Amino acid sequence: MQTEEKMTFETWPALPEKATLEGKNKFLGFWLFLGGETVLFASLFATYLALKDKVPDNTHALAKDLYDLPLTFVATMLLLTSSLTSVYAIYQMKNFNHRKMMLWLGVTVALGLSFLCLEIYEFNHYVTEYNHKFTGSAFGSAFYTLVGFHGAHVIFGLVWIIALMVRNAKRGLNLYNAPKFYLASLYWHFIDVVWVFIFTVVYLMGMVG
Amino acid sequence: MANQNLNSGNPKVNLAYRLRKSKEEMRYQIISFSMMLFLTFIAFGAVGVGFSGWFTVPLIMLLASVQVIFQLFYFMHMSHKGHEAPTIFLFTGLLIGLITIWAFMKIVWW
Amino acid sequence: MSTYAQKRGFGAVLWDYLTTVDHKKIGILYLLAGGFFFILGGLEAMFIRIQLIKPDNNFVSAGSFNEIMTMHGTTMIFLAAMPLLFGFMNAIVPLQIGARDVAFPFVNALGFWLFFFGGLFLNLSWFFGGAPDAGWTSYASLAIHSGGHGVDFYILGLQISGFGTLMAGINFLVTIINMRAPGMTYMRLPLFTWTTFVASALILFAFPPLTVGLTLLMFDRMFGANFFNVAAGGNTVIYEHLFWIFGHPEVYILILPAFGIFSEIFSIFSRKRLFGYSSMVFATVLIGFLGFMVWAHHMFTTGLGPIANAIFAVATMAIAVPTGIKIFNWLFTMWGGSIKFTTPMYWAVAFIPSFIMGGVTGIMLASAPMDYQYHDTYFVVAHFHYVIVGGVVFALIAGTHLYWPKIFGTMLSETLGKIEFWLFFIGFHLTFFIQHFLGLMGMPRRIFTFLPGQGLATGNLISSIGAFFMAAGVIVLLTNIVRTTVRNEKVGNDPWEDGRTLEWAISSPPPFYNFKQLPLVRGLDALWLEKMEGKKGMIPAEPIGDIHMPNSSFVPVVISFGFFVAAFGAMYQMEHKWMLSVLILGLLISFGAMIFRSVKDDHGYHIHKEDLIDDVDKGVKA
Amino acid sequence: MKRLAKWRLMSLLTALAFILSGCGEPYLSALRPAGEVAEKQYWLMKLSTGIMVFVILVVVVIFIIVLFRFRRKSDDEIPKQVEGNHMMEIIWTVIPIFLLLILAVPTVTATFDLADVSPMDKKNKDGTRDVLVVNVRASLYWWEFEYPDQKIVTSQELVVPTDEKVYFNLKGSDVKHSFWIPPVGGKMDTNTDTINKMWLVFDSKKAEEAGNVFYGKCAELCGPSHALMDFKVKAVSRADFDKWVKDMQAVKDPAKPATADAQAGQEIFNNSCIGCHAVTPANTTPEAARQGPNLTNFGERDYVGGILKNDEKNLKNWIKEPDKYKPGSTMPGFGHLSEEQLDQVAAYLMGLKVQE
Ligand code: HEA
Ligand code: HEA
Ligand SMILES: [Cu+2]
């Protein structure tokens with residue numbers, strides 16, 4: 001029953017993330033946490049929608065002036081693909097293939113980082129080109145808070161995955177760390193779910209007007 | 001809590017079966033990924049082409065919902081057994097969230 | 001690892017509690033901290049009542065009154081009532097479901113320490129230039145306008161303790177879903193466990209909107225955002241919505257566990273199973289669900305328009321139906337029973353008429369056009385003290401008497417218990433009944449004084465006298481606790497003799513590993529069933545084996561302390577740039593501790609079979 | 001017999017309830033409705049109280065029976081373990097639903113009734129309206145009442161005609177407040193973001209009982225002096241109201257001081273006070289510039305700052321240290337004025353009257 005016990009491909013269970021009681025608890029607890037996060041983001045979306053285009057005067061940029069289709073598209077593709085690569089990582093985890101799992105996690109991190117760079121570029125662009133600032137208007141505050149919260153989740157997800165990779169680089173898979181990898185990938189998917197709504201509600205609907 | 005492997009007696013058979021199973025599942029994942037890509041293309045396309053908002057907004061909202069269903073049910077395995085509690089809680093959260101959003105769009109400015 | 005039987009010095013005990021991950025000890029910590037904050041909040045209430053004892057009084061100044069009033073509400077709700085309930089949940093629920101432990105012992109400890117440091121931070125505001133003064137609701141326009149750092153203390157303190165609450169909620173949910181003993185199906189869960197479950201689900205969904213609301217307030221006050229700055233396009237009504245989307249479910253987070261405690265008491269002291277168990281469960285879930293659909297009844301006068309007001313009015317009224325189901329089920333639990341009037345039963349019995357009076361005034365408030373008159377008057381103050389004190393506080397005191405033997409192994413005095421009951425009960429009605437009329441006679445709430453000649457003097461005097469009775473009651477309760485602790489007369493597993501659920505099958509206090517062998521549950525009221533078949537205790541569901549235990553850890557304290565430090569930094573960076581480094585230092589402590597925790601594997605330890613067999617049936621006494 | 005004692009207490013409290021209702025001061029109590037809105041609300045209160053008392057009675061009757069009949073008689077009695085009863089469950093689900101419907105229907109109709117402010121939007125050709133509209137603006141601890149169609153502004157004392165619907169636009173200029181005249185009708189918040197609208201009727205008979213003055217309150221916490229943010233409502237006949245409007249409109253320039261003292265006072269006032277306080281009623285100054293109450297008819301007001309009896313002593317004290325009487329007031333203190341100067345200012349202010 002030792003969770004750190006050495007496993008082999010043959011003894012590796014079908015659902016390693018839920019094979020131990022701790023794993024089961026973490027799995028459920030994390031899902032519940034995501035249920036709460038859903039309400040958190042919904043509140044932020046609601047705030048954004050209520051304050052969209054609310055600016056003090058007409059010198060301020062509005063949603064339709066700001067957003068840019070190609071940029072959002074690239075960002076979306078990056079994040080979407082990273083979701084798939086993390087699926088691959090979990091696939092390899094279930095196959096007890098530590099090396100390949102690490103590889104796919106690495107790709108996921110790379111894609112996530114590129115997304116982040118793009119977002120930083122985008123924010124910087126808005127501030128310098130359009131004077132669209134966090135402190136400039138209610139619209140600005142709401143926009144940066146919603147998208148920034150998502151960005152913070154991306155950062156947190158990246159730190160988490162990297163930390164897991166570093167910590168377990170030499171250790172191989174066991175029933176102690178398998179749930180951790182699984183949860184990190186769940187988290188990463190959830191970030192993508194939120195992004196789907198961000199690109200739809202914020203960017204695309206912003207451009208439609 | 002015993003840590004059974006969910007295997008029957010014969011490890012060889014089980015392994016083969018499991019490998020096949022997870023290959024198969026991976027195929028579904030690829031399919032849902034391509035569907036997601038496809039939906040994203042349509043959404044961006046519809047906005048790029050510049051249809052009227054009355055048409056585009058409901059369309060892209062629908063596409064987003066479908067895409068999220070793919071994420072949840074395939075990428076996050078919500079379609080699998082043992083996800084009853086997660087499903088209930090996630091959708092309750094979603095319902096509460098949607099009510100919040102509805103309220104903010106209707107009764108914050110009047 | 002069997003150090004538990006030794007006598008230890010104060011330092012060791014302290015260290016033990018600072019690092020504990022045992023849900024029973026965390027329960028005690030919650031009771032201690034919550035009790036402390038209850039006394040504090042109660043003292044603030046006394047200041048309020050003394051100030052309002054006569055017209056034009058100047059016991060406290062206008063500004064201090066607003067601080068006291070705000071801190072009274074905030075302390076009572078966030079730092080007293082909720083944590084005290086968490087105390088009972090922690091101490092009892094895992095036992096009730098026959099669990100070895102909670103799902104996340106470490107997170108459980110972290111939850112407590114976050115709550116504690118958040119509460120400490122909030123109360124330190126008294127010594128750092130003034131407490132928050134914008135009401136416990138802290139509506140945006142006033143909160144932004146309020147000078148000094150009071151409101152900042154409110155925002156950051158609640159943010160920190162809010163995270164703790166959220167963690168506690170998730171922990172209870174997973175514990176109840178995953179850790180039930182063999183045979184403990186959902187429809188065999190004791191009602192206190194069910195209400196804990198639903199209340200935890202409400203926490204999970206209600207705290208995020210509060211987090212967002214507080215975050216927006218924080219961004220506006222500390223980082224120059226414009227969510228509530230009307231000139232820059234902001235809108236303060238957003239905050240009202242966010243607060244009440246949290247706030248209304250919050251009152252059910254308080255009352256549902258209280259209902260749970262009463263359900264246990266009615267059933268135990270009537271020697272009868274709960275009447276209509278399944279409809280009780282259904283009603284609990286329904287109340288929880290409807291609780292999210294009615295928040296705008298706090299905003300009828302905000303001017304949301306007749307359509308919204310009408311919808312929310314009718315939705316709010318609907319809650320009377322499931323609540324009524326509960327009331328009648330309790331009555332019919334007692335009907336045909338064999339009622340023994342112990343102290344817990346006194347409180348439970350008194351709860352019924354008291355709570356109903358608060359409930360029905362709630363329905364009156366729910367009628368929007370009437371609420372235009374009631375809103376923000378003492379009528380509302382009367383309503384919510386009737387439900388909160390008559391419901392939640394009664395339950396807390398009843399629970400203290402009921403579970404004291406289980407938690408501490410000693411029995412509170414029944415005589416003193418009855419004295420404290422009558423003092424508090426009379427004081428309670430004296431204080432709050434009259435307030436309905438004060439409100440209708442034109443007394444707004446949150447006023448630091450009222451002028452003579454407005455017909456409000458007599459009512460306020462009566463109300464203040466009542467408050468002194470309540471204080472006397474509380475003092476008797478404290479005396480009772482001290483007396484019992486000093487006498488230290490130990491009791492057995494089932495001191496009330498009519499215990500029905502699993503927690504009464506284990507020694508008082510239970511051994512640190514809970515059940516040596518998980519019990520086999522054969523139906524609702526598992527222990528009662530066995531007793532009726534003439535057995536002494538539960539049938540074990542497994543042979544004696546090794547028990548896996550989590551390691552103690554100091555990390556939760558460190559993480560929470562880090563946030564506590566960071567909060568000071570965040571607040572003072574507005575006027576002193578160097579405080580930014582304090583903010584960073586605090587975050588480093590917290591995140592450093594988190595990383596330490598995740599990098600260092602912690603597999604816990606095992607109690608070996610042989611050690612367990614050693615203390616067979618001697619009970620484990622500290 | 002402790003139970004009995006408790007029951008006595010309860011019935012005593014209920015009796016108290018009946019004695020108290022219909023109580024309170026006529027100028028302040030919502031239990032003495034003085035107008036259509038308050039009457040509607042009072043009627044609802046009576047209806048709901050009836051329902052609630054019924055509910056409480058039913059519960060208490062069962063409660064009493066239970067407590068008397070089912071006390072434990074011997075220590076080894078084991079009652080029958082009853083699971084439940086479907087019939088009874090249905091009864092106590094359906095009856096409350098029924099009772100709630102009785103309350104819900106008038107609630108919904110009244111909600112729409114009270115929200116009907118459509119006559120406000122019916123404008124004549126010249127932009128004025130047939131109905132009286134008052135713009136209420138709440139600021140930290142004082143109230144401004146603007147009559148847009150009459151083009152006049154007054155503060156602290158709302159003057160309204162009786163027996164007709166008066167419409168209000170409500171707005172807060174710094175933080176949120178709430179506009180409440182208990183005997184006349186329920187409150188409405190003065191938001192900082194948007195304008196709220198409501199209507200009220202002031203009943204002439206009830207106004208007379210109340211001495212033609214109702215007390216108004218701020219009902220939303222707004223800072224230290226929230227408790228002191230009172231205003232007064234003078235409800236007068238339509239004819240008197242029209243006359244008051246005429247008199248107000250007639251004031252084009254600040255009233256001429258009658259005495260030498262007052263003259264000196266005017267000078268001081270013009271140097272120190274006029275930046276915030278206007279002494280003419282025209283509503284042409286922009287809102288943002290109206291930083292303190294309009295004082296055109298100050299001499300006729302009953303209260304200083306809405307709370308102190310209007311006499312010279314109180315007035316002088318107020319001017320010296322407004323913060324002492326209304327903590328947190330935005331008006332600066334004028335303690336640096338000499339006693340003589342204060343007397344002069346007071347003389348000037350007391351002379352500001354528009355009606356003879
Ligand atoms: C434990 C806390 C608690 C509980 C349980 C409740 C329960 C209820 N509350 Fe209360 N409420 C508060 C705490 C609570 N409340 C607080 C703290 C505030 C003020 C916040 C602030 O502004 O600071 C508040 C304010 C408040 C308001 C806003 C008032 C205002 O500011 O203008 C309203 C309005 O609808 C309301 C309604 C209700 C209703 C309908 C219930 C219902 O759940 C009650 C249901 C119960 C019954 C009805 C009795 C039993 C039923 C029967 C016997 C069946 C038959 C009954 C009928 C047919 C009527 N509450
Ligand atoms: C759990 C919630 C809770 C509880 C238990 C209470 C308990 C009490 N409250 Fe509370 N109250 C609120 C929640 C609560 N309140 C809230 C949310 C508000 C709104 C705040 C706002 O408007 O923002 C409020 C507001 C409020 C007001 C209105 C203030 C105003 O609007 O201006 C009043 C006035 O009477 C009041 C009185 C009381 C009294 C007398 C008690 C009593 O029941 C208290 C009884 C307890 C004691 C009396 C203990 C005292 C102990 C001792 C004296 C022992 C000392 C001994 C030692 C130190 C060893 N409360
Ligand atoms: Cu509510």
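As the structure is a prediction and not an experimental result, all values here were calculated from the model. Just so we're on the same page: letters track the sequence lines, and every chain starts at 1.
Between chain D and the options K272(C), R445(C), E497(C), heavy-atom pairs under 4.5 Å are most frequent for K272(C). Annotation: maximal heavy-atom pairing with chain C below 4.5 Å, among P327(D), C222(D), S178(D), occurs at C222(D). Ranked by heavy-atom pairs under 4.5 Å with chain C, the list K187(D), Q41(D), H86(D) is led by K187(D). No other option in E83(D), E25(D), E77(D) has as many heavy-atom pairs under 4.5 Å with chain C as E83(D).
Interface remark: T333(C) contributes no atoms to any contact with chain D (heavy atom separation under 4.5 Å). Of the atoms belonging to A134(C), it is backbone heavy atoms, and not side-chain ones, that fall under 4.5 Å from chain D. Using a 4.5 Å cut-off between heavy atoms, D116(D) makes no contact with chain C at all. For N66(C), the part lying near chain D is the side chain, with the backbone staying farther off; criterion is any non-hydrogen pair under 4.5 Å. Residue contact with chain D, scored on non-hydrogen atoms closer than 4.5 Å, involves the backbone and the side chain of I325(C) alike. Heavy atoms of L440(C) lying under 4.5 Å from chain D belong to its backbone as well as its side chain. Contact of D525(C) with chain D is not made at all, since no heavy-atom distance falls under 4.5 Å. Neither the backbone nor the side chain of M198(D) comes within contact range of chain C; no heavy atom of the residue lies under 4.5 Å from a heavy atom of that chain. Using a 4.5 Å cut-off between heavy atoms, A313(C) touches chain D through its side chain atoms alone. For a residue to count as touching a neighbouring chain, one of its non-hydrogen atoms must lie under 4.5 Å from one of that chain's; by this rule I327(C) touches chain D with the side chain only. Only the side chain of M532(C) has a heavy atom closer than 4.5 Å to any heavy atom of chain D. Of the two parts of K80(D), only the backbone, made up of N, CA, C and O, holds a non-hydrogen atom closer than 4.5 Å to a non-hydrogen atom of chain C. Residue F332(C) touches chain D through its side chain alone, counting heavy-atom pairs closer than 4.5 Å. Heavy-atom distances place both the backbone and the side chain of V360(C) under 4.5 Å from chain D. Heavy atoms closer than 4.5 Å to chain D are found in the backbone of Y277(C), but not in its side chain. With a 4.5 angstrom heavy-atom cutoff, Y374(C) touches chain D via backbone and side-chain atoms both. The contact between L140(D) and chain C is made entirely by side chain atoms (from C-beta outward), counting heavy-atom distances below 4.5 Å. The contact between I307(C) and chain D is made by backbone and side chain atoms together, counting heavy-atom distances below 4.5 Å.
Distance alone, capped at 3.5 Å, is enough to place a donor-acceptor pair between the S61(C) side chain and the S64(C) backbone. Between the side chain of K232(D) and the main chain of G306(D), a donor-acceptor pair closer than 3.5 Å is present. Checked by atom type and distance alone, the side chain of T377(C) pairs as donor or acceptor with a backbone atom of F379(C) at under 3.5 Å.
Note: F228(C) and Y239(C) have perpendicular aromatic rings, judged against thresholds of 30 and 60 degrees for the angle between ring planes. Aromatic ring pairs are classed by plane angle as parallel below 30°, tilted from 30° to 60° and perpendicular above 60°; the pair F266(C) and W330(C) is tilted. Ring geometry, F425(C) versus F421(C): the interplanar angle falls under 30°, so the pair is classed parallel (tilted spans 30 to 60°).
The two residues K217(D) and P444(C) have their closest heavy-atom pair at CD-CG, 3.8 Å.
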Under 3.5 Å, sequence neighbours excluded: what are the donor-acceptor pairs made by side chains of residues 105-113 of chain D?
| residue | atom | partner | partner atom | Å |
| --- | --- | --- | --- | --- |
| T107(D) | OG1 | S367(C) | OG | 2.9 |
| T107(D) | OG1 | L103(D) | O | 2.7 |
| T109(D) | OG1 | V105(D) | O | 2.9 |
| T109(D) | OG1 | P106(D) | O | 3.0 |
| T111(D) | OG1 | T107(D) | O | 2.6 |
| D113(D) | OD2 | K40(D) | NZ | 2.9 |

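For T449(C), the side chain to side chain contact (heavy atoms under 4.5 Å, CB included) partners two or more places apart in sequence, or in a different chain, are Q51(C), D56(C), L228(D).
For Y27(D) and Y215(D), the gap between ring centers is short of 6.0 Å.
The distance from the NZ atom of K176(D) to the OG1 atom of T301(C) is 6.0 Å, given to the nearest 0.5 Å. The line from CZ of F300(C) to CZ of F312(C) is 8.5 Å long, rounded to the nearest 0.5 Å.
For the pair D498(C) and R72(D), the salt-bridge criterion is met [side-chain N within less than 4.0 Å of a carboxylate O].
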